[in-house]
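I have placed the structure first, in the form of structure tokens, so that the comments after it can refer back to it.
Counting from 1, the numbers follow the sequence of the chain as shown.
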Amino acid sequence: MPPPQATPKRGWCRVPDIYVVLFIFIAIAAIATHFVPAGQFERVPGPAGRTTIDPASFQFVEAAPAGFTDFMLAIPNGLISAGEVVFFTFMIGGMFMVLRRTGIIEIGVDKLTRRFANQSLLMIPVLMTVFAVIATVIGTQELALVYVPVILPLMIALRFDSVTAAAVALCATTAGFATGLLNPINTGLAQQLSGLPLYSGLGLRALAFVAILGAAIFFVMRYAHKVHQNPALSLMQNDEDEADKRSSYQHSVSESARVANTRQKLAAAATFIFFGVLVYGVLRQGWFMLEMAGLFIIMGVVVGLIAGLSTDDICEGFNKGFRDVLVGAMIAGVARGVAVILEQGQIMDTLVYALGNVVGGLPTILSAIGMYVAQLLFNFVIPSGSGQALVTMPIMAPLSDMIGVTRQTAVLAFQLGDGMGNILYPTSGYFMATLALAGVSWQKWVKFFFPLFCVWVLIALGFLIFAQAVQWVG
């Protein structure tokens with residue numbers, strides 16, 4: 001009888017569970033409210049009816065340190081504040097589970113797998129380019145939440161893994177969003193707040209788009225090729241859920257092709273129509289998460305009925321989908337607790353004011369880099385692109401005039417700093433929800449993404465140094 005194997009010890013440097021990480025951040029934020037002076041900017045009307053700040057109005061106010069009750073309620077209030085992301089995550093998880101029960105996803109994956117069996121790597125640059133172009137034009141980085149459930153079965157069937165699927169969606173949308181060629185959410189709003197012509201400076205941003213997306217495509221393809229050649233090198237190798245996905249989606253092309261029946265063909269056609277409505281709503285009607293979530297409810301019900309599912313089957317499909325994404329939905333809400341504490345303690349504005357002063361004190365040659373670092377740091381507590389623009393750009397724009405940085409460069413520093421951190425920080429709700437839909441833990445994602453993040457930072461610094469050297473005005 002072989003001797004029992006010793007239980008492997010956890011290394012001291014092991015990254016703790018994401019709930020522990022977020023709880024620590026909430027605790028740090030609560031402690032900070034006792035030491036950082038409370039301060040406030042006056043809120044004034046901004047572009048398109050939005051509320052922004054008056055950069056000359058900062059003043060210290062009476063301290064409002066977080067007490068035990070505030071700390072206790074940080075997570076519940078975070079879940080309420082992030083309710084839109086939480087609800088969207090549940091609805092998209094439920095809807096795609098219903099689609100799986102109809103069989104149309106497996107049939108579609110089977111056809112694409114056979115079509116690209118010998119050219120599987122080509123799917124990655126094609127999908128990433130499409131996703132990046134959409135993000136850089138309409139500015140909806142959150143569409144990664146929609147892309148992941150669609151491409152996950154395909155990536156698994158093509159002998160890649162869940163990390164590859166998450167990377168295709170997240171890295172592509174972030175590359176497009178961060179460079180924002182025609183993005184109204186970060187580029188357009190930031191330029192309006194800075195008094196610049198709308199979408200000016202397109203040439204340099206286009207070069208940044210190519211460089212950042214190109215680096216992402218190379219990095220993701222290299223990892224995907226490695227996993228395809230040797231599945232043991234996958235970051236998901238020992239994940240039980242990953243094994244279930246492989247058994248569900250991977251098959252030999254020598255097996256009989258799956259054929260759709262009449263009802264499944266009609267259900268597939270209805271699915272495409274619904275996605276067409278989704279695209280129209282996002283582009284023309286300004287739909288965001290709530291509208292998309294409502295559409296997904298109707299989509300799951302209608303497509304399920306067309307495919308021949310009973311109402312009980314549809315309900316059970318939604319329930320199973322809800323269960324599968326429960327952790328991601330919860331994390332999205334818990335992450336919001338950090339910002340809730342900072343806002344209630346009235347130190348959010350103080351942090352913005354302090355970062356502006358730090359940047360203003362840097363040597364001229366480092367000022368653009370300082371703006372980028374400040375935006376990257378501030379993105380941790382305000383992962384919303386428009387929210388960060390409304391809070392920081394009224395300060396950074398006039399500050400850039402005083403320290404010898406063009407306003408166009410200040411806007412680029414904001415774009416790159418805001419966008420890149422969105423798929424690294426666990427306080428980004430849509431990002432954590434996307435990882436949950438892909439079945440990838442934050443710890444595994446960081447292990448995969450951090451080298452690319454470092455490359456992106458170097459690319460960003462290169463463009464900002466160039467912009468500063470030539471005094472780029474667009």
note = One should read off an interatomic distance between Leu99 CG and Ile104 CD1, to the nearest 0.5 angstrom, of 5.0 Å
message = Tell me if the CZ atom of Phe218 is crowded by more than 12 foreign heavy atoms within 6.0 Å.
response = no
task = Evaluate the side-chain contact (heavy atoms from CB on, under 4.5 Å) criterion for residues Leu377 and Leu351: first the C-alpha distance (whole Å), next the side-chain angles of each, then the deciding distance (0.1 Å), finally the verdict.
result = CA-CA 10 Å; Leu377 292 174; Leu351 296 176; over 6 Å; no
query = Quick one: do the Gln285 and Tyr280 side chains pair a donor with an acceptor below 3.5 Å?
reply = yes
message = Looking at Arg100 and Glu316, is any side-chain nitrogen of the basic one under 4.0 Å from a carboxylate oxygen of the acidic one?
response = no
key: 4.5 Å side-chain heavy-atom contact, Phe219 and Val455   = no
ask   = If we only count heavy atoms from C-beta on, is the Leu143 to Phe131 side-chain gap below 4.5 Å?
value = no
task = List the atom of Ala29, the atom of Leu342, and the distance in Å for their closest heavy-atom pair.
result = CB-CD2, 3.8 Å
inquiry  = When you measure from the side chain of Gln375 to the backbone of Tyr372, do you find a donor-acceptor pair of N or O atoms at a distance under 3.5 Å?
reply    = no
inquiry  = Rounded at 0.5 Å granularity, tell me how far CG in Leu154 sits from NZ in Lys111.
reply    = 14.0 Å
message = Using 30° and 60° as the class boundaries, would you call the ring planes of His228 and Phe160 parallel, tilted or perpendicular?
response = tilted
key: Interatomic distance, Asp161 atom CG to Lys226 atom NZ [nearest 0.5 angstrom]   = 9.5 Å
message = Any non-hydrogen side-chain atom of Leu278 less than 4.5 Å from a side-chain atom of Phe296?
response = yes
query = Sub-3.5 Å donor-acceptor pair from the side chain of Thr427 to the main-chain atoms of Val381, do we have one?
reply = no
ask   = Quick one: which of Asn186, Asn422, Asn379 gives a side-chain hydrogen bond (donor to acceptor under 3.5 Å, both in side chains) with Gln388?
value = Asn379
key: Thr174 and Gln141: side chain donor to acceptor below 3.5 Å   = yes
key: Over 12 foreign heavy atoms within 6.0 Å of CZ, Phe23   = no
key: Intermediate values then yes/no, side-chain contact (heavy atoms from CB on, under 4.5 Å), Lys447 and Lys444   = CA-CA 5 Å; Lys447 186 175 181 180; Lys444 289 179 180 178; 5.6 Å; no
task = Look at the aromatic rings of Phe275 and Phe96 and report parallel, tilted or perpendicular, splitting at 30° and 60°.
result = tilted
query = Are any non-hydrogen side-chain atoms of Leu204 and Phe466 less than 4.5 angstrom apart?
reply = yes
key: Evaluation steps, side-chain contact (heavy atoms from CB on, under 4.5 Å), between Thr173 and Ile423   = CA-CA 10 Å; Thr173 53; Ile423 59 171; 5.8 Å; no
query = Is the shortest side-chain N to carboxylate O distance from Asp324 to Lys320 below 4.0 Å?
reply = yes
ask   = Does Val411 offer a backbone N or O that forms a donor-acceptor pair with the side chain of Gln191 under 3.5 Å?
value = no
Chi angles and distances behind the side-chain contact (heavy atoms from CB on, under 4.5 Å) call for Met330, Tyr19 = CA-CA 9 Å; Met330 287 295 296; Tyr19 285 121; 3.5 Å; yes
message = To check you understand the geometry: which heavy-atom pair defines the closest contact between Ser162 and Ile156, and what is its length?
response = N-CD1, 3.7 Å
request  = Check for a donor-acceptor pair, side chain of Arg246 on one end and backbone N or O of Arg159 on the other, with a separation under 3.5 Å.
outcome  = no
message = Nearest 0.5 angstrom please: Phe87 CZ to Ile297 CD1, how far?
response = 4.0 Å
inquiry  = Working to the nearest 0.5 angstrom, can you tell me the gap between Asp313 CG and Arg101 CZ?
reply    = 6.0 Å
query = Do Asp418 and Phe378 have side chains that get closer than 4.5 Å, going by heavy atoms?
reply = no
query = Where is the tightest heavy-atom contact between Ala410 and Met396, given as atom of each residue plus distance?
reply = CB-O, 4.4 Å
ask   = Going by heavy atoms in the side chains, are Phe431 and Leu424 under 4.5 Å from each other?
value = no
inquiry  = Using every non-hydrogen atom in the two residues, find where Val168 and Val220 come nearest and quote the distance to one decimal.
reply    = CG2-CG1, 4.1 Å
message = Just so I know, are the side chains of Asn183 and Thr136 near enough to count as touching, which here means a heavy-atom distance under 4.5 Å?
response = no
note = The reported gap from CG in Leu182 to OG1 in Thr187 (rounded to nearest 0.5 angstrom) is 8.0 Å
key: Atom of Val334, atom of Ile26 and distance for their closest heavy-atom approach   = O-CD1, 3.8 Å
inquiry  = Between Trp456 and Ile212 (side chain of the first, backbone of the second, donor and acceptor by atom type, cut-off under 3.5 Å), is there such a pair?
reply    = yes
request  = Could you tell me how the ring of Trp445 sits relative to the ring of Phe449: parallel (under 30°), tilted (30 to 60°) or perpendicular (over 60°)?
outcome  = parallel
message = Between Arg336 and Asn77 (side chain of the first, backbone of the second, donor and acceptor by atom type, cut-off under 3.5 Å), is there such a pair?
response = no
ask   = Mind checking whether Ile369 and Gln468 have side chains closer than 4.5 Å, heavy atoms only?
value = no
Smallest separation among heavy atoms of Tyr147 and Ala169, with atom names = CB-CB, 4.0 Å
